[in-house]
Structure formats: structure tokens, C-alpha cells
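Comments concern the structure below.
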Amino acid sequence: MGSVLFVEYPKCSTCRRAKAWLDEHGISYEDRHIVEEPPTAAELAEWRVRGEQPLPVRRLFNTSGKFYRELGVKARLDAGMGEDEALELLSTNGMLVKRPLLVGKDFCLVGFRETEWEAALC
């Protein structure tokens, strides 16, 4: 397997654990700071359809984040916010995106679940 893209917020403890896991397993990755270089709407649209099943747009949101609450994103999604609008909103601020993101040729993993990562990478 070639290198994967690891999109993280370095101060996030889950991101640090995920990065340590990648290092421990000898997996090469390109590191990207989610705030300094947030994913674009086009990238998110492409990434979410990698793999067997497309990721629901809601899964890409950092639901425990301050901006998610301040912007009332849950209510907006519940009211029928479209996929394009949601992806555009996600691209405006990296802190709205659930992290870490691990993007490979045929998968995109959101958040760090060791068993999921192991299945995709080992």
C-alpha cells in the first residue's frame, strides 16, 4: 500500500493517538493540518464516496465542536440542508470536520477506531 493522507488537528488527543498508531504500524502517510489547510468541498465530496458505501455527510461533522453548536448545524441538517451546502459549510472551517480523517485510494475513515483502521491498512 502506498502512502495515505492523514488529516489532523495536532492538539487533538485522538489525532495524536491515531498518529502514534500509524507510526507503530509502519504506515507511511502525508500529514495535513486540518485548520491550516481545511479540506475543500470537492475533496470531501470525493473522499466520502471512496469504499464500498458512501459516508453520510452528517458523519463528516465534528458534532462535539464549538462551531457545530454555534452555527446550529444539527438543526440545519434536520431541516433538510442539502449535501452540497453541507460540504460547502464543512470546507469553511477545519474545526467543523470530524477528525482525524484517513484517506486512502479506496477508503476514507473518519475518527479513530483502531479495528476499522486495522482492517483497512493491515
Side-chain angles (χ1 to χ4, degrees):
M1 164 181 290
S3 183
V4 293
L5 176 63
F6 179 63
V7 185
E8 65 156 333
Y9 182 60
K11 293 180 181 178
C12 165
S13 61
T14 303
C15 293
R16 288 194 305 267
R17 276 195 342 268
K19 190 177 213 175
W21 187 91
L22 289 170
D23 292 339
E24 288 166 13
H25 287 79
I27 296 171
S28 87
Y29 56 90
E30 175 190 338
D31 199 353
R32 181 165 157 188
H33 192 298
I34 202 164
V35 174
E36 293 173 0
E37 192 181 347
T40 65
E43 285 176 322
L44 292 166
E46 178 191 331
W47 295 345
R48 67 178 283 276
V49 296
R50 291 188 182 188
E52 294 177 21
Q53 296 291 324
L55 290 169
V57 171
R58 285 179 182 260
R59 183 110 188 269
L60 296 172
F61 280 97
N62 176 11
T63 58
S64 61
K66 174 177 96 171
F67 294 110
Y68 181 85
R69 289 187 304 275
E70 285 177 359
L71 296 173
V73 175
K74 182 182 183 323
R76 292 167 67 183
L77 288 166
D78 290 346
M81 178 191 296
E83 179 180 309
D84 290 341
E85 186 182 352
L87 293 171
E88 211 40 63
L89 179 60
L90 282 161
S91 72
T92 64
N93 185 326
M95 296 303 279
L96 282 171
V97 181
K98 184 163 180 72
R99 56 195 182 267
L101 285 172
L102 190 67
V103 184
K105 189 173 81 175
D106 59 356
F107 65 87
C108 178
L109 302 176
V110 181
F112 178 56
R113 291 180 194 84
E114 192 170 332
T115 55
E116 244 183 39
W117 285 39
E118 197 166 299
L121 296 166
C122 298

Rounded to the nearest 0.5 Å, how far does CG of Leu77 lie from CZ of Phe61? 5.0 Å
Which heavy atom of Pro100 sits nearest a heavy atom of Ala18, and at what distance? CG-CB, 3.8 Å
Show your reasoning for whether side-chain contact (heavy atoms from CB on, under 4.5 Å) applies to Leu89 and Met81. CA-CA 10 Å; Leu89 179 60; Met81 178 191 296; 4.0 Å; yes
The test is salt bridge (charged side-chain N to carboxylate O under 4.0 Å, His left out); show your working for Lys74 and Asp78 and say whether it passes. CA-CA 6 Å; Lys74 182 182 183 323; Asp78 290 346; 2.8 Å; yes
Counting C-beta onward and ignoring hydrogens, is there a side-chain heavy-atom pair between Tyr29 and Asp23 closer than 4.5 Å? yes
Quick one: pull up CZ in Phe6 and CD in Glu30 and give me the separation to the nearest 0.5 Å. 12.0 Å
When rounded to the nearest 0.5 angstrom, what distance separates CZ in Arg17 from CG in Leu22? 12.5 Å
Validation row: Phe112, Cys12 side chains within 4.5 angstrom (heavy atoms): no
Side chain proximity check, Thr14 to Arg99, heavy atoms < 4.5 angstrom: no
Nearest atoms (heavy-atom pairs only) where Leu55 meets Cys108: CD1-O, 3.7 Å
Any link between Leu109 and Leu96 through a network of hydrophobic side chains (Ile, Leu, Val, Met, Phe, Trp, Tyr) touching at under 4.5 Å? no
With side chains defined as the heavy atoms from C-beta onward, is the minimum distance between Pro10 and His33 less than 4.5 Å? yes
Out of curiosity, Tyr68 OH to Leu90 CG, how far, rounded to the nearest 0.5 Å? 10.0 Å
To check you understand the geometry: which heavy-atom pair defines the closest contact between Gly111 and Lys98, and what is its length? CA-CE, 4.3 Å
Rounded to the nearest 0.5 Å, how far does CG of Leu121 lie from CD of Glu116? 10.5 Å
So, for Ser91 and Ala41, which heavy atoms are closest and what is the spacing to 0.1 Å? CB-N, 3.4 Å
For the residue pair Val4 and Phe107, establish whether any side-chain heavy-atom pair is separated by less than 4.5 Å. yes
Quick check for you: to the nearest 0.5 Å, what is the distance between Trp47 atom CH2 and Leu102 atom CG? 10.5 Å
Is there a continuous path of hydrophobic side-chain contacts, each under 4.5 Å between heavy atoms, that joins Ile27 to Val103? no
In terms of heavy-atom contacts, does CD of Gln53 have more than 12 from other residues, nucleotides or ligands at under 6.0 Å? no
Within the side chain of Arg32, is there an N or O that forms a donor-acceptor pair under 3.5 Å with the backbone of Glu37? yes
Which atom of Glu43 lies closest to which atom of Pro39, heavy atoms considered: OE1-CA, 3.2 Å
Closest non-hydrogen contact found for Lys19 with Asp31 is NZ-OD2, 2.6 Å
Indicate yes or no: at least one non-hydrogen side-chain atom of Met95 is less than 4.5 angstrom from one of Val35. yes
Are any of the side-chain heavy atoms of Val97 and Asn62 separated by less than 4.5 Å? no
Examine Phe67 and Leu101 and state if one hydrophobic cluster contains both, with Ile, Leu, Val, Met, Phe, Trp and Tyr joined whenever side-chain heavy atoms are less than 4.5 Å apart. yes
Is it the case that one hydrophobic cluster holds both Ile34 and Leu87, taking links as side-chain heavy atoms less than 4.5 Å apart, direct or via other members? yes
